[in-house]
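Following: one structure in structure tokens, then a few remarks.
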Amino acid sequence: MPRPFSHVFSAVALLTASLPAAVTASAHAQDVSPSGPARDSVARVVRGDAPRPRLAVVLSIDQFRADYLTRLGDLFLPASPGRGRLGGFRYLMSQGAHFANARFEHYPLYTGPGHAVLLTGSHPYKNGIVGNEWWDPKNRRPVYCVDDARWKVVGAAEGSRAKPMGPLNLRSSTIGDELKLATAGRARVVAVALKDRAAILMSGHATDSAVWFDDAGGRWITSTAYAKDGKLPAWAEKVNSEAIPDKALGTTWTPSLSPEVLAARSFDPKLVPGAGPYGLGTKFPHKVGAEKTSQNYRAFTLTPAANAYVFETAKRAVAAEGLGKDDVPDLLCVNLSTNDYLGHAFGPYSPEATDLTVQTDRLLADFLTYLDKNVPGGMKSVVFVLTADHGVTPIPEDASEPPFGLNAGRFEAAEVVKVIGGALTARFGEPAGGSWFSRGAEAEGGRAATGEFVEGFVYLSPEAVASAIAGGKARDRRDLERAACDAVNGAGIQGVWGCYGKSQVLEGAVGDHDLGKHLARAVHPQLTGDLIVLSEQMYLAGSAVPAYATSHGTPYAYDTHVPVVVSAPGLIKPGVYAGKAAPSDIAPTLSLLLGVELPSGCDGSPLVPALQP
Ligand SMILES: [Zn+2]
């Protein structure tokens, strides 16, 4: 599965020679002060003849599909806006190596699995993060990817329903973990993200500090997995004491771009469920409610102010933890979740997504300028990675209607479940225990928890399966999986591409095509569901009244295509690289530059074409 090193080297073309100048370098590229004459090289760094980067920063923007960078590129700040300030995306794209055809190679394309890939370089079949959530048939309960009952919640406000989170389910080491091992624990590893799963799955097990957001009270919290003394890091406590989210309550998000620009670059989504998310309304301007309620703190997380809050917190962490201060490399992991929350509600082509992206550019510029001024040696001592955890599907109701008329829509997961149950009963008789599907012992949130259809995976009842085999009705699990999948494949449900059995995937009988490769990297022998139901391109599983306007999760291009931009002056050759790359290549690239072992499950290979020899 890992691409051979030499293959990557020959297949990935550096396009600077053949593309028009406008494509290869921004109009502002000449503004950028060069990082100096080849100050270092990867070879010198690897040999120990030159200093390593002092700080690695990995910034993941949730749901930030690759085209956000290219489609909206002309709206970004210049790479170097003057007065010693750095630009945002354009700075990274012109000073760094921009892999414009980077695609995830796993399944399913959700936040947990995506973030787990970034700094382990591994995929769900090995790293164990097989979904945001999966089903545990043995204990008959859902498992959230960063559930970790070994620990206690730290820093939550009274009335919080936060549960303890930690890295228990992540079976691979991360770059942060390897950095800690390689430096006898001296490296500092820190993560800041609104989402617990982003902070935890990027940074790993040996992390010094990881904080995430709790909408009860609008605060940073953590768990004793990281805060061994039961206290939030002092910098997070300080930010909490400033109650920054409170300042956003009662404010209105008015777009920074003119109505003409927004109209030319985006369109209002046809479908915004309900009255808009968390009381924000369905169109600009969006007002955040004034009361200190969980709903209003959630509304805050959909606005640009939440990105500002994350960056501000990350700056405090850099200062307080002394990241990059000495020559032992440190790691900072940051996730901006707002783009995902907003994208689910308004879609990737909305005025909201456009304005947020442009505002994120300004905030990123400010953050890069901060690093440049506060890390000794500036951005020349920093390796900075910009990427995302997955992309997003166009809202089906927009894509399918004029003027677009694409083949897009939704299908009912319940219909698929019905077909499977019916087929199994017809072939093997009534199931032992009354259901073919694994069911929870108790109802959760008013509905029975079941493994019927969890992010495209279906979990059969172990009791019913064992009984069918013991009674001689089925030879083995394969019999049941095949009967179920034959029925789904034969049912002609619009929006369903097909069904695979877990045994079929583990045995490698998935077809020598792109989807088969994604599936092979999806299935963990112990954790993955019995059946995998793949949707058709641009179709979402759900119901007629969806909770989200759109989503992600499939192995198709719009979900897998994300930016990979790596800036490390002197070590990484700037340019646009159009050859295939994958986010799983980030970890081995960092491993090489930081001089640490590859993470334990690493599948990726270093981004060879961009390495300064
Ligand atoms: Zn996500």
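For reference, positions follow the sequence shown, starting with 1. Start at 1 and go down the list; that is how both ligands and their atoms are numbered.
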Q) Are the side chain of Thr293 and the backbone N or O of Asn296 linked by a donor-acceptor pair below 3.5 Å? A) yes
Q. Could you give the distance from OH (Tyr309) to OG1 (Thr301), rounded to the nearest 0.5 Å?
A. 11.0 Å
Q | Partner residues of Phe267 under the side chain to side chain contact (heavy atoms under 4.5 Å, CB included) criterion, sequence neighbours left out | A | Tyr349, Asp398, Phe404
Q) Are the aromatic ring centres of Tyr110 and His552 under 6.0 angstrom apart? A) yes
Q | Under 3.5 Å donor-acceptor, Arg90 side chain and Leu77 backbone | A | yes
**Q.** Flag, side chain of Arg197 to backbone of Thr111, donor-acceptor distance under 3.5 Å
**A.** no
Q: Have a look around the Zn ion (ligand 1) and list protein N/O/S atoms under 2.8 Å, or say none.
A: Asp62 OD1, Thr111 OG1, Asp389 OD2, His390 NE2
